[in-house]
Amino acid sequence: MNEKKKNFLSGLNNEQTLAVDHFSGPLLVVAGAGSGKTRALTHRIAHLISEYNVDPSEILAVTFTNKAAREMKDRLELLLAKRLSENQFAQPWNTLQVAEQRQLRNRIYQEITKELWIGTFHSLFARLLRFDIDKFVDLGGLKWTRQFSIYDESDAQGLVKEIITQDLKLDPKRFEPKKIRWAISNAKNQGILPNQYEKQAEGQRGKITAEAYQLYRKALAANNALDFDDLLLLPVELLKQNKSIRSYWHQRFKHILVDEYQDTNWTQYELIKLLATNGVEPNLFKEWTNRSVFVVGDADQSIYSFRAADFRILMGFQDDFGDKSKDNVSSTIVKLEDNYRSTSTILEAANSLIANNKERLEKVLKATRGEGELIKLTECDDEISEAEAIVHRLRLLNASNSELNWGQMAVLYRTNAQSRSIEESLVRWSIPYIVVGGLRFYDRREIKDVLAYLKLLINPADSVSLLRIMNVPKRGVGKTTVQRLTDAANQLAIPIWDLLNDGEAIRSLGGRSAKGLLQFSELINSLRNEVNISPPSQLIQLVLEKSGYLSELIATATDEAEERRRNLQELVNAALQYQEENETATLEGFLASAALASDADKKESTNNQVTLMTLHSSKGLEFPVVCLVGMEQGLFPSYRSLDDPSSLEEERRLCYVGITRAKERLFLFHANERRTWGGIREPAIPSLFLSELPRDLIEGDIPLTGGTALRRDKHLERLTRIDREEKLSQSQSYPKNAVRRRYSGPSPEKAWKIGDKVIHNSFGIGEITHIFGSGEKISLAIKFQGLGAKILDPRLAPIQLVE
């Protein structure tokens with residue numbers, strides 16, 4: 001290799017060099033966590049331009065996020081500017097004046113990075129459509145111009161709602177616009193057009209969704225607008241139907257790079273195929289001279305199936321594009337297995353865990369650093385002691401390591417609801433923190449809604465809280481009515497509540513909204529009567545039940561609604577904890593404690609803050625210290641995954657992602673019990689993932705779970721389902737952590753029904769008054785003697801049917 005060619009290859013390991021220096025043909029780079037894939041991508045683009053004289057305008061680089069695209073451009077600009085510095089000034093970059101550095105970077109921008117197409121699928125193909133969308137021929141005669149608008153999700157949902165309620169004259173409670181919008185989006189992600197959807201639609205709901213899809217597409221065209229899904233679907237249709245346009249873009253982009261290839265969906269895959277092979281099936285395409293498709297990914301880090309991502313696209317690269325040879329001799333696959341991030345202890349644990357997955361490309365992360373500290377496993381009594389244990393661990397590390405600041409520590413959890421107890425513990429110990437990838441607990445919409453109800457019970461003059469919840473959940477109160485009430489209250493110099501509390505005023509000012517406003521006034525007055533006789537936790541439950549907020553979430557039955565429902569239950573748990581810690585627990589006191597937690601990090605944001613985030617949000621990040629919390633069966637892995645081997649493997653990949661975020665120290669936490677629906681404390685079972693970690697790498701006792709260790713020791717095929725109990729011998733003693741039914745519901749041929757008598761371990765005898773949801777996903781409203789109504793999940797609550 002000549003000296004010139006070493007410019008952008010120096011400092012790379014052998015596998016990175018193979019990837020960067022690859023010029024013609026397809027190549028799959030299997031890039032393990034912390035293996036320097038971003039370095040390989042940026043060096044490859046610089047190498048193509050500088051050493052192979054590729055025109056920057058012929059390079060298309062796809063990133064997963066806009067932030068990643070910006071970072072790639074910045075790194076590439078700096079890389080090329082440093083080289084220009086040596087060639088033009090014959091001196092290192094860091095010896096140049098700031099003005100000279102700025103001048104060189106500007107030159108690189110004008111000549112190179114400005115010409116590159118680097119961005120997400122959506123941004124890149126929106127750009128392509130700006131050139132050619134007017135040439136698109138729709139089967140229904142619809143047309144768009146290059147000046148099209150892009151509708152965000154809120155715009156799209158509003159349009160679908162308008163179609164459901166006004167065009168189709170349907171009840172939005174029965175045919176929920178959000179669900180129909182999701183069905184349309186899902187169809188688009190699979191490349192299904194309205195006419196195709198109509199042909200395969202089944203039942204009344206399917207046919208109505210098909211009709212709504214048709215009308216929605218027409219409405220978008222009438223507004224010269226596209227939604228996010230159209231930014232991928234329309235380019236696929238356009239490139240398939242117009243040979244000359246496809247040929248132009250095929251000739252334009254000779255080198256295609258795709259990052260996070262495991263997170264692509266089938267529409268995105270179609271786009272890559274059409275551009276790379278000009279419509280020819282990849283395994284038949286032979287014209288690879290001076291052309292390449294270079295994809296980087298890791299099947300072990302595929303965690304976005306809920307966004308329609310399919311890691312099988314990456315798994316099938318060798319069959320589609322590659323030479324189909326075995327990995328160790330293939331010329332179309334390179335594996336980056338050297339990890340530059342984590343200690344060997346952390347990597348060995350990650351390798352051991354992910355080896356339990358069957359659907360993956362074989363690879364083993366290899367440490368380039370020392371052994372490091374053992375992984376610390378902590379068993380806690382409950383979620384409160386878990387939060388305190390986490391904070392205690394972080395405080396010890398901060399006190400004993402002068403070079404370690406709060407910003408180098410992260411707490412990762414499976415669901416956003418878990419942040420509440422951790423946030424409160426951090427506030428208690430005055431530790432700065434930031435919640436990433438989601439709102440802080442007390443800033444989430446549903447939490448603010450319920451707190452607004454509670455504030456109004458204390459202070460009816462709080463018009464801000466009143467206006468927030470007057471139509472939440474929806475009561476048919478429109479903006480015009482709200483404005484009329486606000487104007488009247490301002491003119492009379494009285495709180496809006498005084499008007500709402502006057503029946504005659506409401507009938508006069510409310511118009512068609514009067515009925516809903518009167519019901520709202522009656523609701524608030526009835527709840528105010530409970531303030532001095534009910535504890536905060538019960539008041540929250542009363543708000544959720546009587547307002548219809550909870551039943552609306554249950555009826556919605558989406559993942560988002562389930563997450564919001566979890567957060568509201570966590571608010572009940574917060575109130576219960578407040579009551580346990582305060583002898584004279586009042587609603588005013590609880591609201592004050594919530595306000596304290598809410599205002600804890602309103603100071604100017606700095607880097608010196610502990611990071612709290614979900615495991616999904618942590619993808620692509622790294623921290624010297626990582627705490628992985630809530631390692632319990634049903635929480636992580638989630639209950640939904642226990643019945644589905646494929647979903648369980650994705651949960652394991654998510655755990656693998658969490659472990660490999662840690663550079664120096666990894667701490668695992670699980671609780672022996674945790675509050676569940678209805679505020680009931682339930683025994684918690686340690687996650688099966690804990691039993692899949694090597695014992696010699698863990699400091700602390702690894703609990704026996706329903707995982708591999710238990711299956712091996714008990715010779716069981718599987719023990720992660722509650723219905724496996726009967727398969728064990730009656731004489732055999734159960735492992736203390738085995739998942740098994742702790743209550744008895746109706747017999748298999750009988751379902752729960754209103755009027756059933758039940759007995760609860762703590763609440764005593766009760767009667768089912770309402771049933772929310774359907775199938776296995778139901779909740780029961782049960783009226784207990786002397787306690788009132790409670791909403792419980794029959795899968796979790798310790799209730800038995802009284803025959």
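Using a 4.0 Å cut-off between charged nitrogen and carboxylate oxygen, Arg83 and Glu86 do not count as a salt-bridge pair. We find that Lys619 and Asp263 are joined by a salt bridge, their nearest charged nitrogen and carboxylate oxygen being less than 4.0 Å apart. A salt bridge does not link Arg44 to Asp21: none of the charged side-chain nitrogens sits closer than 4.0 Å to a carboxylate oxygen. The pair Asp259-Lys37 counts as a salt bridge, with a side-chain nitrogen and a carboxylate oxygen less than 4.0 angstrom apart. Using a 4.0 Å cut-off between a side-chain N of Lys or Arg and a carboxylate O of Asp or Glu, Arg146 and Asp132 do not qualify as a salt bridge.
Looking at Arg360, its side chain never comes within 3.5 Å of a backbone N or O of Asp300 through a donor-acceptor pair. Between the side chain of Gln262 and the backbone N or O of Ser302, no donor-acceptor pair lies under 3.5 Å.
Counting heavy atoms from C-beta on, the side chains of Leu193 and Glu237 come closer than 4.5 Å. Side chains of Leu129 and Leu226 form a contact here, defined as non-hydrogen atoms less than 4.5 Å apart.
Between Gln301 atom CD and Leu654 atom CG the span is 11.0 Å, to the nearest 0.5 Å. To the nearest 0.5 Å, atoms CG (Asp55) and CG (Leu48) are separated by 11.5 Å. How far OG of Ser331 is from CG of Leu27: 8.5 Å, rounded to the nearest 0.5 Å. The distance from the CG atom of Asp320 to the CG atom of Leu28 is 11.0 Å, given to the nearest 0.5 Å.
Among residues at least two apart or in separate chains, salt bridge (Lys or Arg N to Asp or Glu O under 4.0 Å) pairs with a member in residues 89-110 are Glu77-Arg105, Arg107-Glu111.
Asp227 and Tyr216 share a side-chain donor-acceptor pair at under 3.5 Å. For the residue pair Asn189 and Thr267, no side-chain donor N or O sits within less than 3.5 Å of a side-chain acceptor on the partner. For the 3.5 Å distance criterion, the side chains of Asn278 and Arg246 qualify, holding a donor opposite an acceptor.
Scored by the side-chain contact (heavy atoms from CB on, under 4.5 Å) test, Asp310 finds Trp266, Arg312, Ile313 as partners (sequence neighbours excluded).
Note: Phe317 and Phe321 have parallel aromatic rings, judged against thresholds of 30 and 60 degrees for the angle between ring planes.
Geometric assessment of Arg341 against the ring of Phe623 yields a negative cation-pi assignment under the 6.0 Å and 45° thresholds.
Between Phe253 and the options Trp117, Phe294, Phe125, Tyr248, a ring pair (Phe, Tyr, Trp, His ring centres under 6.0 Å) holds for only Trp117.
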Leu60 and Leu124: CA distance, side-chain angles, deciding distance, side chain to side chain contact (heavy atoms under 4.5 Å, CB included) verdict: CA-CA 9 Å; Leu60 178 81; Leu124 291 172; 3.7 Å; yes
